[in-house]
Amino acid sequence: MRPLSALSAETARGLHGLLFDLDDTLLVEGRLTEAAYAALFRLRESGLRLVIVTGRPSGWGDVLVRQWPVEGAVTENGAVLVDRRSGHCTVRDCVDEAERRRRRGSLAVLVSELMDRFPELRATGDVGQRLSDFAFDIGERQRVPAEVIERAREFARSRGARVICSSIHLHVTWDRDDKATGTVRLLGELLGVDATAARFRFAFVGDSANDASCFAGFATTFGVRNLSGLMTVPPRYRTERPAADGFVELSQKLVALRNQGPLPS
Ligand SMILES: [Mg+2]
């Protein structure tokens with residue numbers, strides 16, 4: 001990983017957009033700071049298209065895409081896309097209604113098995129707004145010991161589920177999309193960007209293991225200082241400051257570099 005100061009003006013000016021995680025990247029303990037919110041407007045003014053990429057529910061994405069200066073949101077770790085076209089906000093599941101009903105039914109069985117075996121696991125406060133997955137709180141309102149998390153992950157995997165961990169939540173799902181595949185799909189469908197262009201034209205910033213697919217999938221990636229968890233490919237650059245302060249630091253760097261000369265078409 002290189003320091004953010006190593007980022008070149010050429011790379012910053014070649015970008016068409018910035019993809020960003022929410023918890024512990026843009027947000028601090030779930031809160032949005034004034035400086036981080038302002039940074040989104042400065043980034044957009046510099047010509048970057050902004051997309052939220054989060055493990056949070058599609059119900060959150062539906063609200064945030066209506067209010068924030070963003071093009072769309074990849075929610076539930078890639079399974080559900082939210083975008084705004086012609087002034088309307090649309091929530092799109094990756095599977096049809098019948099299949100989603102079937103998956104939700106069998107997911108409920110798995111969740112009840114997990115809760116019986118691991119009484120330390122409790123549902124997150126946002127679970128009612130999720131379409132595709134179920135999330136347990138491991139670090140938002142309570143801390144679950146690492147060995148319990150590991151045994152729960154193994155159990156869910158042994159049932160054929162996919163398990164994703166962020167800094168605060170443990171997600172279980174039957175869906176196979178991840179943050180990177182969901183993002184490439186959204187950029188293609190919403191902005192007409194093909195998969196290769198998306199990889200090189202859009203940068204990503206995140207903080208934890210559920211960001212691993214984006215750190216591996218995109219060419220220009222940033223980790224905030226509080227980066228944690230195991231990932232196959234680390235981000236290329238790291239900010240000096242953590243979470244929201246690191247996001248603001250990144251936005252200032254990108255805007256300053258992009259203002260140094262004309263942007264490529
Ligand atoms: Mg995060």
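Nothing here was measured: the structure is a model prediction, and the numbers come from that model. In listed order, ligands and their atoms are each counted from 1. Position 1 is the first residue of the sequence; numbering continues from there.
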Near Glu240 CD, under 6.0 Å, is it more than 12 heavy atoms from other residues, nucleotides or ligands?
-> no

Of the N, O or S atoms in Asp207, the one nearest the Mg ion (ligand 1) = OD1

Taking both backbone and side-chain atoms into account, decide whether Asp211 has an N/O/S atom under 2.8 Å from the Mg ion (ligand 1).
-> no

Check whether any side-chain N or O of Arg153 sits under 3.5 Å from a backbone N or O of Val163 as a donor-acceptor pair, and report yes or no.
-> no

Closest approach to the Mg ion (ligand 1) by Asp23, given as the N, O or S atom name | O

Ring centers of Phe204, Phe202 separated by less than 6.0 Å | no

Would you say Asp21 reaches the Mg ion (ligand 1) with an N/O/S atom under 2.8 Å?
-> yes

Judged by modelled atom types alone, do Asp137 and Thr124 share a side-chain donor-acceptor pair under 3.5 Å?
-> no

